[in-house]
Engineer: 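Structure provided below as C-alpha cells; questions to follow.
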Amino acid sequence: MSGCFLRLKMRKLIGLSILGAVLLLIPAAGSSAPLQLKDATGTSFRFSSPPQRIVSLAPSITESLYQLGAGERIVGVTIFADVPAEVRKKAKVGTMLDPSLERIVSLNPDLVLITQEGNSLQTMDSLRRLGIKVFVIGESRDFSDIKEHFLLLGKIVGQEKRAGQIVKEASGIIAAVRKEVSPLPLVRVFWQVWPHPLFTVAKGTFIDQLIRMAGGINIVHEAKIRYPRYSREAVIEKNPQVIILTAGGKESTKRQKEEWRRFHLRARIYRVDPNLVDRPIPLSFAKGLAEVARRIHPEAFEQR
C-alpha cells in the first residue's frame, strides 16, 4: 500500500512540475510585449517599458504629458513651457530652436521628444549622434493629426486609455460647438499670428480648420504657404468681419486693436488666449474652438 501511495504521489508531483514549467512560458496576466513605434522621420523605436526620464523640447508636448499623468517623468523643458504652473520648476534646456545639448545630456534622459514643425532636425541629429533616443512628433495640420499624436504620446508613456478618454472628451466639445454654429452663415475672419511683421494662417494648418469649425471662413485660406506674411492693405481689401489676435499681453493687445481701428474697419476685434489656440493638443483645440465660436457667432451662445 505504502509503495503504491508513494508512486501515485511521485506522479502527481511530476505532473505539477510539468504544469508549472508550461505556465512559466505563458506571459503573466497584465504584462505587455515591448512596444514598437515609428516616429515622423520613419525611425523605428522599441520601448520595453515606458520612459521614466523625459526631456520635452516643445511646450505642446510638455502640456500633453502632464494631461496624460506623466508630468513627474519630465526632467527637462524649454524656457517657454508654462502650462501647467508646476512645469516652471523643471530644469530648463534652452529654446525650441536652440536647446543646450550639453544640458540635455547632463539630465541623462532615456527619451527626448521633439516636434517636426517647431524644432530643428539638426538638434535631432546631434542628440542621436550622442547616443540619445530622440522621438519626433509629426506636423499637426488638422484635428485628426492632433488626435493621432496625442494617442501616440499616450502609448509611449503607457497611458493609452487615458489618452483615449481625453480625445473622446475633446471630440464631444467639438461636436457640440459645430452643432450650434452649423446653421449660421459663415463669417469672414482674419487671424493675426503676429503683428510686426504681420503673419497669419492659411490652408494646411489646424487653425484654418478651427476657423471653419467655429463657423468662419479664413480670408487667407488660399495663400500658397501655411503661415504667410500678409499686408494690412490686403486685409482691408478682403474686409473681414472678425479679427482674432493671439500674440501679446493686455497692453500689447490694446495697441494692436488701436492700430487696426485706424483703418476704420468695421470688424469686431478679439484676443484669444494663445495657450488655447497655439498648441496642438486635443482639449486645447476643443476649448479654443468653443472660445473662437463664441467670438464669431455670439448669437449662438448668448443664452449660455
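It should be emphasised that the depicted structure is a prediction, and the values quoted were computed from it without experimental measurement.
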Engineer: Is any side-chain heavy atom of V292 closer than 4.5 Å to one of L210?
Structural biologist: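 Side-chain contact under 4.5 Å: yes.
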Engineer: With no hydrogens and no angle check, do the side chains of S252 and Q256 hold a donor and an acceptor under 3.5 Å apart?
Structural biologist: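 Indeed, the side chains of S252 and Q256 share at least one donor-acceptor pair under 3.5 Å.
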Engineer: Can you tell me how far CZ of R73 sits from CZ of R53, rounded to the nearest 0.5 angstrom?
Structural biologist: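 Reported value, rounded in 0.5 Å steps: 13.0 Å.
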Engineer: Going by heavy atoms in the side chains, are F199 and W191 under 4.5 Å from each other?
Structural biologist: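 Sidechains of W191 and F199: no contact.
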Engineer: Can the ring centres of F143 and F285 be said to be less than 6.0 Å apart?
Structural biologist: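 That pair passes the under 6.0 Å test.
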Engineer: Determine, step by step, whether V112 and I104 satisfy the side chain to side chain contact (heavy atoms under 4.5 Å, CB included) criterion, reporting the C-alpha distance in whole Å, the side-chain angles of both residues, the deciding distance to 0.1 Å, and the verdict.
Structural biologist: CA-CA 9 Å; V112 174; I104 293 172; 4.0 Å; yes
Engineer: Identify the heavy atoms of A300 and L184 that sit nearest to each other, and give their distance.
Structural biologist: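 For A300 and L184, the tightest heavy-atom pair comes out as CB-CD1, 3.7 Å.
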Engineer: Measuring from S171:OG to L283:CG, what's the distance to the nearest 0.5 Å?
Structural biologist: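 The distance works out to 9.5 Å.
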Engineer: Consider only side-chain heavy atoms of I, L, V, M, F, W and Y, link residues closer than 4.5 Å, and tell whether L245 and I236 are in one cluster.
Structural biologist: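 In one cluster with L245: I236, yes.
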Engineer: Within a 6.0 Å radius of atom NZ on K155, are there more than 12 heavy atoms belonging to other residues, nucleotides or ligands?
Structural biologist: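 Counting neighbours around NZ of K155, 12 or fewer heavy atoms of other residues, nucleotides or ligands fall under 6.0 Å, so no.
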Engineer: Determine the minimum heavy-atom distance between I296 and V242, stating which atoms define it.
Structural biologist: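 Nearest pair, atom of I296 first, then V242: CA-CG2, 4.4 Å.
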Engineer: Let me see the working for D145 and F206 under side chain to side chain contact (heavy atoms under 4.5 Å, CB included), right down to the final yes or no.
Structural biologist: CA-CA 9 Å; D145 286 342; F206 68 88; over 6 Å; no
Engineer: Is there a continuous path of hydrophobic side-chain contacts, each under 4.5 Å between heavy atoms, that joins I219 to I244?
Structural biologist: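 Unlinked, I219 and I244 end up in two clusters.
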Engineer: Any donor-acceptor pair under 3.5 Å linking the side-chain atoms of N119 with those of T123?
Structural biologist: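 No pair is found: no donor N or O on one side chain lies under 3.5 Å from an acceptor on the other.
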Engineer: Does a side-chain heavy-atom distance below 4.5 Å link F135 with M124?
Structural biologist: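 No; the side chains remain at least 4.5 Å from each other.
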Engineer: Identify whether L65 and L57 are in the same connected component of the hydrophobic contact network (ILVMFWY, side-chain heavy atoms under 4.5 Å).
Structural biologist: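 Shared cluster, no.
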Engineer: Taking the side chain as everything from C-beta on, heavy atoms only, tell me whether K238 gets closer than 4.5 Å to F190.
Structural biologist: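 Sidechains of F190 and K238: no contact.
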Engineer: A side-chain contact here means heavy atoms from C-beta on lying under 4.5 Å apart; do I156 and P51 qualify?
Structural biologist: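 Side chain of I156 against side chain of P51, heavy atoms only: contact under 4.5 Å found.
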Engineer: Roughly how far, to the nearest 0.5 Å, is the NZ atom of K133 from the CZ atom of F45?
Structural biologist: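 So the gap between those two atoms works out to 7.0 Å.
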Engineer: Determine the minimum heavy-atom distance between R268 and Y270, stating which atoms define it.
Structural biologist: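 Shortest heavy-atom separation between R268 and Y270 comes out as NH1-OH, 3.1 Å.
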Engineer: Heavy atoms only: give me the nearest V55-P109 pair and the separation to one decimal.
Structural biologist: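 That would be CG2-CB, 3.8 Å.
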Engineer: Between D208 and R212, does any side-chain N to carboxylate O distance fall below 4.0 Å?
Structural biologist: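 So D208 pairs with R212 through a salt bridge.
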Engineer: Looking at every heavy atom in both A223 and P228, which two are closest together, and how far apart are they?
Structural biologist: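 Here A223 and P228 meet closest at CB-CG, 3.8 Å.
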Engineer: If you look at every heavy atom in L289 and A214, which pair is closest and at what distance?
Structural biologist: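 Closest pair (atom of L289, atom of A214, distance): CD1-N, 3.5 Å.
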Engineer: Would you compute the distance between atom CG of N218 and atom OG1 of T200 and round it to the nearest 0.5 angstrom?
Structural biologist: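 Answer rounded to 0.5 Å: 5.5 Å.
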Engineer: Inspect the surroundings of CD in E258 and state if more than 12 heavy atoms from other residues, nucleotides or ligands are less than 6.0 Å away.
Structural biologist: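 Counting other residues, nucleotides and ligands, CD of E258 exceeds 12 neighbours.
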Engineer: Given E117 and R226, is the side chain to side chain contact (heavy atoms under 4.5 Å, CB included) satisfied, shown in steps?
Structural biologist: CA-CA 12 Å; E117 191 164 43; R226 296 170 67 208; 2.5 Å; yes
Engineer: For F80, does the CZ atom have more than 12 heavy-atom neighbours from other residues, nucleotides or ligands under 6.0 Å away?
Structural biologist: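 Counting neighbours around CZ of F80, 12 or fewer heavy atoms of other residues, nucleotides or ligands fall under 6.0 Å, so no.
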Engineer: Under 6.0 Å from the six-membered ring centre of W194 and within 45° of its axis: does the NZ or CZ of R229 meet both?
Structural biologist: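 That pair does not qualify as a cation-pi contact.
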Engineer: List the steps, then state whether side chain to side chain contact (heavy atoms under 4.5 Å, CB included) holds for M213 with V177.
Structural biologist: CA-CA 8 Å; M213 287 182 172; V177 171; over 6 Å; no
Engineer: Between S56 and T78, is any pair of side-chain heavy atoms under 4.5 Å apart?
Structural biologist: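 The answer is no, as the side chains (C-beta and beyond) never meet within the 4.5 Å cut-off.
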Engineer: For residues H149 and Q116, is any side-chain donor paired with an opposing acceptor at under 3.5 Å?
Structural biologist: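 Side chains of H149 and Q116: no pair found under 3.5 Å.
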Engineer: Can any side-chain N or O of R141 pair as donor or acceptor with the backbone N or O of T205 at less than 3.5 Å?
Structural biologist: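 Such a contact is absent between R141 side chain and T205 backbone.
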Engineer: Would you find more than 12 non-hydrogen atoms of other residues, nucleotides or ligands less than 6.0 Å from L101 atom CG?
Structural biologist: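 It does: L101 CG has more than 12 such atoms within range.
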Engineer: Taking the side chain from R188 and the backbone from N239, do they hold a donor-acceptor pair closer than 3.5 Å?
Structural biologist: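 Yes, because the side chain of R188 sits within donor-acceptor range (under 3.5 Å) of the backbone of N239.
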Engineer: What's the separation between atom CD1 in I281 and atom NZ in K287, rounded to the nearest 0.5 Å?
Structural biologist: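 Answer rounded to 0.5 Å: 10.5 Å.
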Engineer: Are any side-chain N or O atoms of S284 and backbone N or O atoms of L276, one a donor and one an acceptor, separated by less than 3.5 Å?
Structural biologist: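 Flag not set: sc S284 to bb L276 has no pair under 3.5 Å.
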Engineer: Any side-chain heavy atom of V189 within less than 4.5 Å of one from I217?
Structural biologist: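 Sidechains of I217 and V189: no contact.
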Engineer: Looking at I146, I61, V83, which one forms a side-chain contact (heavy atoms from CB on, under 4.5 Å) with R279?
Structural biologist: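 That would be V83; it is the only one of I146, I61, V83 passing the side-chain contact (heavy atoms from CB on, under 4.5 Å) with R279.
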Engineer: Report yes or no: does H297 contribute a side-chain atom to a donor-acceptor pair with the main-chain N or O of P185 at less than 3.5 Å?
Structural biologist: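 Yes, H297 side chain to P185 backbone: donor-acceptor pair under 3.5 Å.
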Engineer: Is there a donor-acceptor contact under 3.5 Å from the side chain of Q241 to the main chain of V187?
Structural biologist: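 A pair under 3.5 Å: no.
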Engineer: To the closest 0.5 Å, what do you measure between CG (D82) and CD1 (I79)?
Structural biologist: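 So the gap between those two atoms works out to 11.0 Å.
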Engineer: Are L151 and I173 linked, directly or through other ILVMFWY residues, by side chains that come within less than 4.5 angstrom of each other?
Structural biologist: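 Linked, L151 and I173 end up in one cluster.
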Engineer: Looking at side-chain heavy atoms only, is the closest gap between V277 and I207 below 4.5 Å?
Structural biologist: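 Yes. Closest side-chain heavy atoms under 4.5 Å.
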Engineer: Hey, does the side chain of K92 reach the backbone of R88 with a donor-acceptor pair shorter than 3.5 angstrom?
Structural biologist: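 It does hold such a pair.
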Engineer: Let's go through D39 and R128 carefully: what are the C-alpha distance in whole Å and the side-chain angles of both, what is the deciding distance for salt bridge (charged side-chain N to carboxylate O under 4.0 Å, His left out) to 0.1 Å, and is it a yes or a no?
Structural biologist: CA-CA 14 Å; D39 75 353; R128 286 181 176 174; 2.9 Å; yes
Engineer: Can you get from M96 to V193 by hopping between Ile, Leu, Val, Met, Phe, Trp and Tyr side chains that sit under 4.5 Å apart?
Structural biologist: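 Not linked; separate clusters.
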Engineer: Would you say CD of Q36 has more than 12 non-hydrogen atoms from neighbouring residues, nucleotides or ligands within 6.0 angstrom?
Structural biologist: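 Above 12, so yes.
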Engineer: Can E291 and R295 be said to form a salt bridge (charged side-chain N to carboxylate O under 4.0 Å, His left out), step by step?
Structural biologist: CA-CA 7 Å; E291 176 66 17; R295 300 302 191 180; 3.1 Å; yes
